[in-house]
Amino acid sequence: SRRGLFGLLGAGAAGAVVGAAAGAGVAVAVTGGADASGPAASVYPFFGEHQAGIVTPAQDRLHFAAFDVAETLDREGLIALLTEWTDAAARLSQGLEVAEGGAVGGSDYAPPADTGEALGLPASGLTITFGFGPGLFADAEGADRFGIATRRPALLEPLPRFQGDALVPEISGGDLCIQACADDPQVAVHAIRNLSRIAFGRASLRWSQLGFGRTSSTSTTQATPRNLFGFKDGTANVKAEETATVDEQIWVNASDQPAWLEGGSYLVARRIRMIIENWDRVQLGEQEQLVGRSKGEGAPLSGGTEFTEPDFEKTGATDAPLIGTDAHVRLAHPTSNGGARMLRRGYNFVDGNDSLGRLDAGLFFLSFQRSPQQFIDVQRNLARDGLNEYLKHVGSAIFAVPGGVAEGEFVGQALFD
Ligand code: HEM
């Protein structure tokens with residue numbers, strides 16, 4: 001097995017280990033430089049049992065990109081692309097230029113290998129996570145250009161239509177995806193820009209999304225951030241330290257199919273527009289009822305503090321449950337969904353404004369789960385969510401995220417074995 005190769009590979013900079021080691025060498029941050037305690041100094045190993053960027057403590061910034069493969073691409077071309085992407089991603093996540101010789105070296109007669117805008121910047125906790133969309137396994141006409149149609153995970157289907165969906169095809173789907181997370185937006189954008197450039201002629205950007213301000217915690221070492229509704233988001237998220245839950249709910253394991261996806265996960269992306277001008281006219285008490293938690297502390301309305309388990313049975317003076325029947329946390333809670341959980345890793349976005357002067361703002365929801373069904377069950381249950389009046393799902397995509405990469409391999413290599 002290749003598993004024995006994994007250690008703390010790639011943790012090159014000198015300094016103290018500050019992150020939580022969840023999942024063999026994935027979420028280990030090594031600090032160095034002037035601000036040894038700051039997130040900008042974090043370097044995460046690219047190689048490991050699982051891809052980085054999942055249980056890694058959520059960074060502050062996101063650039064997410066979905067690609068369509070070119071009609072002319074064949075199996076060898078796809079393998080070459082994944083190999084070049086892997087090499088570049090391994091270097092970028094260590095704070096190196098995309099290739100040796102990078103932005104300044106090489107010939108005066110050719111453009112530099114690296115575009116240069118991250119020169120001199122630290123790795124800033126950059127993680128690069130790759131995923132494969134349903135369309136990679138057979139194109140719209142059903143042609144199997146890459147010889148992988150029979151290896152498509154049966155669960156990797158476009159998501160079903162959900163009540164209230166207002167999906168825009170141009171910002172949905174994709175054959176391949178790359179999630180780049182970092183604590184510096186310049187670093188995340190540099191990664192997507194250079195990986196898109198490498199793909200030139202083989203895969204083209206279908207849609208992409210910038211995110212600022214993580215809307216989730218994925219480690220108990222992190223404080224809970226807030227989403228654009230002003231509420232703490234990520235309180236009850238699956239955390240890296242809950243290793244038994246992560247194994248049971250997030251990673252595809254040996255008892256699942258197909259075998260090549262072992263150690264991987266399924267990634268759901270939803271661009272959820274928030275109608276914040278309307279939200280901002282809602283009374284505080286009503287906002288809290290819709291969520292099921294207090295706005296300041298993030299405590300469940302059944303009482304206690306932020307991390308107190310909600311008590312959905314508890315009633316108030318009127319015999320009505322303190323956490324209402326259409327409150328988001330009740331409907332999303334595992335007790336309402338056959339125990340299903342997910343690792344949420346979304347970001348806030350504001351992409352200017354529409355022609356009516358309303359901010360084009362919301363939550364770019366990202367979740368990782370062992371089966372897409374976990375997301376589907378929760379999202380179906382959220383059809384009754386009182387928050388929906390202030391939400392519009394406009395983009396949607398699903399990807400199979402291969403397991404981790406060992407040095408000398410390319411991402412998803414087992415799919416082609
Ligand atoms: C919990 C907001 C969309 C699944 C929460 C919490 C907030 C929140 C404030 C409570 C704090 C926490 O535990 O993280 C939002 C907003 C959304 C949104 C503003 C849309 C813009 C979604 C979607 C899903 C989802 C689309 C999945 C289909 C969950 C889950 C929990 C949660 C599983 C934890 C429930 C628990 O175990 O207590 N959300 N959410 N959310 N949300 Fe959302």
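A quick note: this is a predicted structure, and the numbers were derived from the prediction, not measured. When a ligand or atom number is given, it counts from 1 through the structure's own listing order. As a basis for the values below, the full set of heavy atoms in this structure was taken, side chains included, without hydrogen atoms, waters or symmetry mates.
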Requested in this report: Pick whichever of V238, L363, L382, D377 has a heavy atom sitting closest to atom 17 (C) of ligand 1.
Outcome: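 It is L363 whose heavy atom sits nearest to atom 17 (C) of ligand 1.
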Backbone or side-chain N or O of [X] under 3.5 Å from ligand 1 N or O:
| X | value |
| --- | --- |
| R344 | yes |
| T235 | yes |
| M342 | no |
| M274 | no |
| H328 | yes |

Which bit of [X] gets closer than 4.0 Å to ligand 1, counting heavy atoms only: side chain, backbone, both or neither?
| X | result |
| --- | --- |
| T224 | neither |
| V291 | side chain |
| D233 | both |

I need the nearest protein heavy-atom contact for [atom]: residue, atom name and distance, please.
| atom | value |
| --- | --- |
| atom 29 (C) of ligand 1 | A332 CB, 3.6 Å |
| atom 11 (C) of ligand 1 | K232 O, 3.5 Å |
| atom 2 (C) of ligand 1 | N227 ND2, 3.6 Å |

Query raised in the report: Which word best sums up how the rings of F399 and F64 line up, parallel for under 30°, tilted for 30 to 60°, or perpendicular for over 60°?
Result: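 It falls in the tilted class, 30° to 60°.
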Query raised in the report: In terms of the angle between their ring planes, are W279 and F231 parallel, tilted or perpendicular, with boundaries placed at 30° and 60°?
Result: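 W279 and F231: perpendicular rings.
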**Report entry** Note: D165-R270 ion pair, threshold 4.0 Å (strictly below)
**Finding:**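 Judged by the 4.0 Å cut-off on N to carboxylate O distance, D165 and R270 do form a salt bridge.
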**Report entry** salt_bridge(D74, R145) N-O dist < 4.0 Å
**Finding:**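 No.
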Query raised in the report: Are H333 and F312 close enough that their ring centers fall under 6.0 Å?
Result: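 Close enough - the centres of the two rings lie under 6.0 Å apart.
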Query raised in the report: In terms of heavy-atom contacts, does CD of Q373 have more than 12 from other residues, nucleotides or ligands at under 6.0 Å?
Result: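 Yes.
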Report task. Please test T215 against F365 for side-chain contact (heavy atoms from CB on, under 4.5 Å), starting from the C-alpha separation and ending with a verdict. Result -> CA-CA 9 Å; T215 60; F365 176 95; over 6 Å; no
Query raised in the report: Is R270 in contact with ligand 1, taking contact as a heavy-atom separation below 4.0 Å?
Result: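 No heavy atom of R270 comes that close to ligand 1.
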Query raised in the report: So among E248, Q369, E242, which one has a side-chain hydrogen bond (donor to acceptor under 3.5 Å, both in side chains) with R341?
Result: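 With R341 as partner, E248, Q369, E242 yield a single side-chain hydrogen bond (donor to acceptor under 3.5 Å, both in side chains), made by E242.
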Query raised in the report: Going through the distances and angles, do M342 and Q249 end up as a side-chain contact (heavy atoms from CB on, under 4.5 Å)?
Result: CA-CA 7 Å; M342 56 186 76; Q249 302 263 357; over 6 Å; no
